[in-house]
Each structure stands twice: as C-alpha cells, then as structure tokens.
Colleague: 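One structure, pasted below without further comment.
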Amino acid sequence: LGLLIAAMALVAAGCGGGDDGGGEVTALPSSSCGALQYEGEGDPDYILASDFPLQGSSRTQTEQIVAAIQFELEQRGWKAGDYNIAFQSCDDATAQAAKWDSAKCSQNGNAYAANDAVIGVIGTFNSGCAAIIIPLLNEAPEGGIAMMSPANTYPCLTVNLPGGCAASEPAKYYPTGSRNYARVAPADDYQGAFVAEFMQKQGVKSVYILNDKEAYGLGVA
C-alpha cells in the first residue's frame, strides 16, 4: 500500500485531477463514499479513493485494507510527493446483494471519472467490478485516472491468454489505448498453476473443477 500511495506522486501532475492542484476539492457522493478525510497541513490538492465491497462476506477483509490505506497516509503526512492528498473510502456493494454490485460499480466509476480532484483509485476487491470501472477511468479527462488493485486476479484484465480470454480482452478495458491499471496480486493463471503443481506433488491423479461463473471463479477454474 505504501508503494501504491507513493506511485500517486508520479501521476499527480498529468493523470487525472486538475493541472496543478491547489484548487477546491469536491468530495465524492455520500451515496457511495464515506466522508472526505484529510489531516495534513493546508488544503488537499487531490483525492485518493478506495473502492471495495464494505457490506457482506468480504467486509472483514476490506475494512482492514481501508484502515491500512488510512495508516499509510497518516505516516506520510497525507502527502504524495509535493501534493496534499485527501482520502475517501467508497463502497461498491449493496445491502441487497451483500457483495459487489455491477450497477454500484458503474455508478462509482462514473463518479470518479467526473471528479477532476480524483488522482487515483485503490481497488477493486473483485475482478468483475474492476472490469466495469477500469474503462470508465481510462477515458476520464486529462489522460485517465490511475487505478491499482491489491486483490484482482482475473488474468484477462491485463493479458490475453489463448483459450482463456475473449479476443477483445484486455484491449476493451483500455479504450484510449493507454494503460491506467495495475495490480499487485498474482493472477489466477499463476495461482492455478501453483495449485496443480502442489496436487501433483501430493500424488493427486484425478480432479474435477467447479466455479461460480463470476470473473474470479472462472479465472481460477
């Protein structure tokens, strides 16, 4: 998370947000996001948002990620390079679904893209939600908005695996032709290979595979 926040200093001047910061920062909508947090000196130049399901079974994990982001910002004096960075934690889940919701992901992505103070997004937790938000941020004004995930594992968000990805992947996630997304979690193809090697060493000779037909389950399968 420290590396992710430090990287925001590299994109602050030319990727999302205003040209030089320092203007009035408008908070993201309270319908999806918590209060704007900033404890640094002066006024914030930009907003760093997080996008995770804060309701349902993933909540225990995602609340810890949000707390870690807050801790890192506090340790850095709420700065990335020379810029003052405020933070908002946004929820891509609904109470009805008790997990991430495609409509909520779309709503959040459009809100980030429309706010010229948003300099970067840490998220998402679920690859299916990332597939919705990445292209929205990719086409945001001023060259797009950086997005970095600590959890997405669907390979086709970044590469095309023969037989495993649609012909349009990953190009369809980057309509401008430039990449604005990275992840720090190993993709499913690496996880699948590791599991296969482990089972082989344990003497397993036959397996069957189930998946939930979501991007994460299908990728692992």
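By convention here, the first residue in the shown sequence is residue 1.
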Colleague: Do you see a donor-acceptor pair shorter than 3.5 Å between the side chains of Asp43 and Tyr38?
Modeller: no
Colleague: Would the distance check show the side chain of Gln88 and the main-chain N or O of Ala35 forming a donor-acceptor pair, the cut-off being under 3.5 Å?
Modeller: no
Colleague: Taking atom CE of Met148 and atom CG of Leu48, what is their separation to the nearest 0.5 Å?
Modeller: 9.5 Å
Colleague: For the residue pair Tyr174 and Tyr181, does the interplanar ring angle fall in the parallel (under 30°), tilted (30 to 60°) or perpendicular (over 60°) class?
Modeller: tilted
Colleague: Taking all atoms of both residues into account, what is the closest heavy-atom pair of Asn126 and Pro53, and its distance?
Modeller: OD1-CG, 3.6 Å
Colleague: Spell out, as yes or no, whether a donor-acceptor pair under 3.5 Å connects the side chain of Asp45 to the backbone of Tyr83.
Modeller: no
Colleague: Working note: Tyr154 + Glu169, criterion side-chain hydrogen bond (donor to acceptor under 3.5 Å, both in side chains); need CA distance, chi angles, decisive distance, verdict.
Modeller: CA-CA 11 Å; Tyr154 181 53; Glu169 292 178 314; 3.1 Å; yes
Colleague: Do Gln55 and Asp91 meet the criterion of a side-chain donor-acceptor pair at a distance under 3.5 Å?
Modeller: yes
Colleague: Tell me yes or no: between the side chains of Asn108 and Asp92, is some donor less than 3.5 Å from an acceptor?
Modeller: no
Colleague: Do you know the tightest heavy-atom contact between Pro150 and Ala185?
Modeller: O-CB, 3.7 Å
Colleague: Cut-off 3.5 Å, side chains only: do Gln70 and Gln37 have a donor facing an acceptor?
Modeller: yes
Colleague: Could you go through Gln107 and Ser32, starting from their C-alpha distance and side-chain angles, then the distance that decides it, and tell me whether this counts as side-chain hydrogen bond (donor to acceptor under 3.5 Å, both in side chains)?
Modeller: CA-CA 9 Å; Gln107 175 185 322; Ser32 294; 3.1 Å; yes
Colleague: Go through the side-chain N and O atoms of Asn152 and Thr124 and say whether any donor and acceptor fall under 3.5 Å apart.
Modeller: yes
